[in-house]
Undergrad: 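Dumping the structure here so I can ask a few things about it.
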Amino acid sequence: MDFRWPPPPDGRPDRFRPPVTRGPQTGRPTLPTPPTEQIATPHGVELEWLVTGDGEPVTVFAHGLGSGIAETRPLGSAVAGRKVFFHFRGHGHSAAPGGRWTYEDLARDLRAVADLSGATHALGVSMGAGALCRLLADNPGRFDRAVFFLPAVLDAPRPAAAQERLSALLESIEAGDAAAVADVISQEVPSQMRNTPAVWAFLRQRLDQLMRDGLAAGLQSLPEQAAIDDRAALSSVTAKCLVLACRGDELHPAPVAEQLAEALPDAELYVYDRPGILWTQRADLRSRISTFLNA
């Protein structure tokens, strides 16, 4: 992708330079980032969170690897009640404890946020879906309803492509190479849309956050791990579940979603025909999520 930061008449810089303004000059504007808070957790890892809305139910949103609060907020736009968005360890302003991180650690982060907020519903995206799997395997009655969006891992490690893409992202951030970071995250967008104003706005927002806050090296080993040892551990889950996937996504294979839906006692599965649904099927996606969580 021909990414330039900020977009000059031609060429592109080799290293990150903060933009003159935070918003895009053309296309759909990005939402301003509301103020977040730091919370202490029982397991000693300080996490960053954002609480919006009010009333019941309370839903916690768990983001994917290399993503964060900004990327999960659109998924909750039509969800009723109070919504709790947070950054896992190593993301945003959350702490990055030393040592090797596992899905058990991520599940502990998610459980702490859910307990502190009184959440009865949960939505997990990619890595967040893996953390949600692990939490429910260990605590099968913790949530009443749960949504797994683009689950990437169950009881086997993620594909090699996930490790390669994460390594490229971490190396580019460490080098301060905004163009290279943009090349990696632009792969999340359908190729035919990558030069549209909306995508420029998305890339600017993601780059601003990633180049400012970075990603912790402790995330490097996660794609090599499974979320749970045996999918049979999910057989006691009492929550009503919705599993959403799409065909043709090498980082989030549809068979993983199918296996997850089969392992859960009460799960509905919906598989979109092609990847990039946040760009091509956003209204339908939000409707499915809100209809399920608001029931």
Side-chain angles (χ1 to χ4, degrees), residues 43 45 47 59-69 71-72 75 85-92 94 100-114 119 121-140 142-143 145-167 169-170 188 215-216 218-237 239 241-246 249-264 267 269 271 275 289:
H43 58 291
V45 179
L47 301 174
T59 304
V60 60
F61 292 78
H63 63 81
L65 199 158
S67 295
I69 291 172
E71 287 70 44
T72 50
L75 299 176
F85 307 92
F86 76 101
H87 279 134
F88 279 111
R89 61 184 63 204
H91 293 76
S94 290
R100 184 175 183 267
W101 300 347
T102 66
Y103 275 95
E104 182 179 8
D105 295 318
L106 300 180
R108 192 173 291 122
D109 290 350
L110 175 56
R111 177 65 189 264
V113 172
H121 294 178
L123 181 149
V125 183
S126 190
M127 180 188 76
L132 181 56
C133 275
R134 180 57 185 261
L135 192 162
L136 287 174
D138 295 338
N139 305 272
R142 178 58 189 80
F143 295 110
R145 286 181 177 264
V147 178
F148 300 84
F149 177 46
L150 298 180
V153 62
L154 191 55
D155 52 2
R158 294 180 68 172
Q163 178 64 38
E164 294 169 1
R165 188 178 298 186
L166 175 60
S167 295
L169 184 61
L170 290 171
E188 302 172 19
L215 287 175
L219 298 167
Q220 184 73 50
S221 65
L222 282 174
E224 303 171 356
Q225 304 176 40
I228 56 179
D229 294 329
D230 186 348
R231 71 188 72 166
L234 298 173
S235 62
S236 299
V237 172
C241 300
L242 173 64
V243 183
L244 299 168
C246 57
D249 188 333
E250 64 178 3
L251 298 188
H252 311 94
V256 171
E258 294 166 354
Q259 294 163 9
L260 173 59
E262 184 177 355
L264 291 164
L269 171 68
V271 182
I289 290 171

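Numbering of residues begins at 1 and proceeds along the displayed sequence.
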Undergrad: Taking only residues two or more places apart in sequence, or in another chain, which ones meet E250 in a salt bridge (Lys or Arg N to Asp or Glu O under 4.0 Å)?
TA: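 Expected list: R165.
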
Undergrad: Please give me the minimum heavy-atom distance between L123 and T59, naming the atom from each residue.
TA: N-CG2, 4.5 Å

Undergrad: Over all heavy atoms of both residues, which pair between P275 and D249 is shortest? Give the atoms and the distance, please.
TA: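 Heavy-atom minimum between the residues: CB-CB, 4.1 Å.
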
Undergrad: My understanding is that only residues two or more places apart in sequence, or in another chain, count here; which of them pass side chain to side chain contact (heavy atoms under 4.5 Å, CB included) with A257?
TA: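 So A257 forms a side chain to side chain contact (heavy atoms under 4.5 Å, CB included) with P151, V243, A245, L269.
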
Undergrad: For residues L110 and A62, report the shortest heavy-atom separation together with the two atoms involved.
TA: CD1-CB, 4.1 Å

Undergrad: Partners of H121 by ring pair (Phe, Tyr, Trp, His ring centres under 6.0 Å), sequence neighbours excluded?
TA: none

Undergrad: Tell me every residue that passes side chain to side chain contact (heavy atoms under 4.5 Å, CB included) with Q225, counting only those two or more places apart in sequence or in another chain.
TA: R100, T102, Y103, S221, L222

Undergrad: Quick one: list whatever passes side chain to side chain donor-acceptor pair (under 3.5 Å) with R134, sequence neighbours left out.
TA: D138

Undergrad: Excluding sequence neighbours, so at least two apart, what forms ring pair (Phe, Tyr, Trp, His ring centres under 6.0 Å) with F86?
TA: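 Applying ring pair (Phe, Tyr, Trp, His ring centres under 6.0 Å) to F86 gives F88.
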
Undergrad: Just by modelled atom types, is the H63 backbone N or O under 3.5 Å from a matching donor or acceptor in the T72 side chain?
TA: no

Undergrad: Are C246 and L150 side-chain neighbours, meaning at least one heavy-atom pair lies under 4.5 Å?
TA: yes

Undergrad: For the backbone of L65 and the side chain of H91, can you confirm whether one donor and one acceptor N or O come within less than 3.5 Å of each other?
TA: no

Undergrad: Does L154 have any side chain to side chain contact (heavy atoms under 4.5 Å, CB included) partners at least two apart in sequence or in another chain, and if so, which?
TA: C133, I228, R231, L234, V256, Q259, L260

Undergrad: Applying ring pair (Phe, Tyr, Trp, His ring centres under 6.0 Å), name anything that partners F85, two or more places apart in sequence or on another chain.
TA: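 Testing F85 for ring pair (Phe, Tyr, Trp, His ring centres under 6.0 Å), a comparison that skips the adjacent residues, returns F61.
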
Undergrad: Residues in salt bridge (Lys or Arg N to Asp or Glu O under 4.0 Å) with R145, at least two apart?
TA: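 Partners of R145 by the salt bridge (Lys or Arg N to Asp or Glu O under 4.0 Å) criterion come out as none, since no residue qualifies.
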
Undergrad: Stepwise, does the side-chain contact (heavy atoms from CB on, under 4.5 Å) test hold for E104 with R108?
TA: CA-CA 6 Å; E104 182 179 8; R108 192 173 291 122; 3.4 Å; yes

Undergrad: Minimum heavy-atom separation for L132 and A122, please, with both atom names.
TA: CD1-CB, 3.9 Å

Undergrad: Test of understanding: with side chain to side chain donor-acceptor pair (under 3.5 Å), list the residues that count as partners of E71, not counting sequence neighbours.
TA: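 Per chain and number, E71 pairs via side chain to side chain donor-acceptor pair (under 3.5 Å) with no residue.
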
Undergrad: Once you round to the nearest 0.5 Å, how far does CZ of R158 lie from CE of M127?
TA: 9.0 Å

Undergrad: Identify, with sequence neighbours excluded, every residue that meets side chain to side chain donor-acceptor pair (under 3.5 Å) alongside S126.
TA: H252

Undergrad: Which atom pair, heavy atoms only, marks the closest approach of A112 to H43?
TA: CB-CE1, 3.6 Å

Undergrad: Return the set of residues passing side chain to side chain contact (heavy atoms under 4.5 Å, CB included) with L170 (not counting sequence neighbours), or none when no residue passes.
TA: L166, L215, Q220

Undergrad: For H87 and L47, what are the C-alpha separation, side-chain angles and deciding distance, and is it a side-chain contact (heavy atoms from CB on, under 4.5 Å)?
TA: CA-CA 6 Å; H87 279 134; L47 301 174; over 6 Å; no

Undergrad: Please find the pair of heavy atoms, one from A261 and one from A267, that lie closest to each other, and give the distance.
TA: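 Smallest interatomic distance, heavy atoms only, reads O-CB, 3.7 Å.
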
